[in-house]
There are 2 protein chains.
Amino acid sequence: MEIEPTYRDLIKELKEKKIRLSYQRVKILDYLNQHRTHPTADEIYTGLIAEIPSLSKTTVYNSLNSLVKANLIQELTIEDNENRYDIVTETHGHFKCEECGRIYDFKVELDSFNPEELKDFQINQKGVYFKGICKKCLETNQKNLQNEE
Amino acid sequence: MEIEPTYRDLIKELKEKKIRLSYQRVKILDYLNQHRTHPTADEIYTGLIAEIPSLSKTTVYNSLNSLVKANLIQELTIEDNENRYDIVTETHGHFKCEECGRIYDFKVELDSFNPEELKDFQINQKGVYFKGICKKCLETNQKNLQNEE
DNA sequence: TTCTTTATTGTAATCATTACACTTTATTAT
DNA sequence: ATAATAAAGTGTAATGATTACAATAAAGAA
Ligand SMILES: [Mn+2]
Ligand SMILES: [Mn+2]
Ligand SMILES: [Zn+2]
Ligand SMILES: [Zn+2]
């Protein structure tokens, strides 16, 4: 696979971490870049299997773990039964709708937030997860109520 | 099991939700009240099996789910492979040490924080999870380095 | 007590993720 | 370029937390 020049230094950095940017991994990265829905490993697998018939689900898991370790992507643990992946590695909040399951991004300023209780702690990662019902679902519910009358 | 008078109104509220405060559930609640370490279902089971030899792990899971639904306890999803439980239901932050696994509480003021992106969303729950290395582990690491010299 | 509902228990099933052994591909040395 | 070495991909089996299910027990209502 031809690699664009802009990726040169990235690849170099990965080489130092001994993480190769293989065909499969680039495709997974590309999928995450085009699908900003915070997909699961299974969704990524299903989305790529047509284009890469040889793809193994194990490869998806292995690749995602490598990419997380290289800090190219972020792993989200919102529900206990599924990990999700995000190509945006900067700290931001995630809202999961308990009705439709969609996950929304929102801005959160946490750089300046260092709680007293964690003084002298080394903080590596900050996660903010909200749950509730999204605007779309609230509107749908409202319409259904009106139709029932 | 004899129930203390202070629980009277609580039990009434639970009755309305059709959730009975059985012997096992009270014991689980009591365990969570005495062990503020955010234990897993398995840790609760192991901690109670000596006192309640008939206890089933399924009961622990069922009870925890009922207590969460009744909002008597809170479910924490920090890592994907284990849910943890907290008798403190007020919103607060959790720090998980990546070295020793301990989970620390910290204060977080989120009542006033309503991100622009979630305008018109119904927010039911706010979770804040930090990860890193705790003070104890950092100090231990430091000592080990000194001894190696 | 008798009827009805809810809870407990043990076992089997589920399902996301990982372990493992093998093959393929990429990198390095000769 | 060829051979040797290291990393990655693949398929299948294992793992492990959680849930489903059916039978039994306990609690509440009548
Ligand atoms: Mn995101
Ligand atoms: Mn807590
Ligand atoms: Zn929704
Ligand atoms: Zn620690």
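In what follows, chains carry the letters A, B, and so on, assigned in the order in which the sequence lines appear, proteins first and then strands, with residues in each chain numbered from 1.
Between its opening and closing five pairs, the helix from dT1(C)-dA30(D) to dT30(C)-dA1(D) changes axis direction by 30°, a value rounded to 10 degrees.
Formation of a donor-acceptor pair under 3.5 Å by the Glu109(B) side chain with backbone atoms of Asp111(B) is found in this model. Under a 3.5 Å cut-off, the side chain of Lys126(B) and the backbone N or O of Phe113(B) do form a donor-acceptor pair. When atom types are taken as modelled, the side chain of Arg25(A) and the backbone of Leu67(A) share no donor-acceptor pair closer than 3.5 angstrom. Listed for the Gln74(A) side chain is no donor-acceptor partner under 3.5 Å among the backbone atoms of Leu76(A). Not one N or O on the side chain of Thr59(B) forms a donor-acceptor pair closer than 3.5 Å with the backbone of Leu55(B). In this structure, the side chain of Arg84(A) does not engage the main chain of Ile78(A) through any donor-acceptor pair within 3.5 Å. The main-chain N or O of Cys134(B) is never found under 3.5 Å from a side-chain atom of Glu99(B) such that the two would form a donor-acceptor pair.
Ring to ring, Phe121(B) and Tyr104(A) are close: their centroids are under 6.0 angstrom apart.
Computed from coordinates, the Lys57(B) NZ to dA20(D) P distance equals 17 Å when rounded to whole Å. Rounded to an integer number of Å, the gap from Glu82(A) CD to dA17(D) P is 19 Å. The interatomic distance linking Asp42(B) (CG) with dT19(D) (P) rounds to 14 Å, in whole Å. Summarising the geometry, the separation between CG on Leu55(A) and C1' on dT10(D) is reported as 9 Å, rounded to the nearest angstrom. Taking atom CG on Leu21(A) and atom P on dG9(D), their separation rounds to 10 Å, with Å as the unit.
Here Asn114(B) pairs with nothing under the side chain to side chain donor-acceptor pair (under 3.5 Å) rule; sequence neighbours left out. By the side chain to side chain donor-acceptor pair (under 3.5 Å) test, Lys69(B) pairs with no residue at all, sequence neighbours left out. With sequence neighbours excluded, the residues forming a side chain to side chain contact (heavy atoms under 4.5 Å, CB included) with Glu51(A) are Lys27(A), Leu48(A), listed by chain and number. Judged as a side chain to side chain donor-acceptor pair (under 3.5 Å), and not counting sequence neighbours, Asn81(A) has no contacts. Residues satisfying the salt bridge (charged side-chain N to carboxylate O under 4.0 Å, His left out) criterion with Asp120(A), sequence neighbours excluded, are Lys135(B). Contacts of Val68(A) classified as side chain to side chain contact (heavy atoms under 4.5 Å, CB included), with partners at least two apart in sequence or in another chain: Ile73(A), Glu75(A), Tyr85(A). Residues forming a ring pair (Phe, Tyr, Trp, His ring centres under 6.0 Å) with His94(B) (at least two apart in sequence, or on another chain): His38(B), His92(B).
Applying the 6.0 Å contact sphere to NZ of Lys131(B) captures more than 12 heavy atoms from other residues, nucleotides or ligands.
Within the structure, every side-chain polar atom (N or O) of Ser22(A) is placed at least 4.0 Å from both OP1 and OP2 of dA8(D).
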Each nucleotide N or O in nucleotides 3-7 of chain D that has a protein N or O under 3.5 Å away: list the pair and distance.
residue, atom, partner, partner atom, Å
dA7(D), O4', Arg20(A), NH1, 3.4
dA7(D), O4', Arg20(A), NH2, 3.2

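A heavy atom closer than 4.0 Å to some atom of DNA chain C occurs in Tyr61(A), Asn65(A), these being the qualifying members of residues 60-79 of chain A. Residues from residues 98-105 of chain B placing a heavy atom under 4.0 Å of any atom in DNA chain C do not occur.
Closest-nucleotide positions on DNA chain C for Ile52(B) and Asp80(B) were compared, and the one nearer the 5' end corresponds to Ile52(B).
Taking 4.0 Å as the cutoff to heavy atoms of chain A, we find the contact window on DNA chain C bounded by dA16(C) to dT27(C).
Side-chain N/O atoms of Thr58(B) and base N/O atoms of dT18(D) include no donor-acceptor pair closer than 3.5 Å.
If you check every strand for non-hydrogen atoms under 4.0 Å, Ser54(B) touches sugar and phosphate atoms only.
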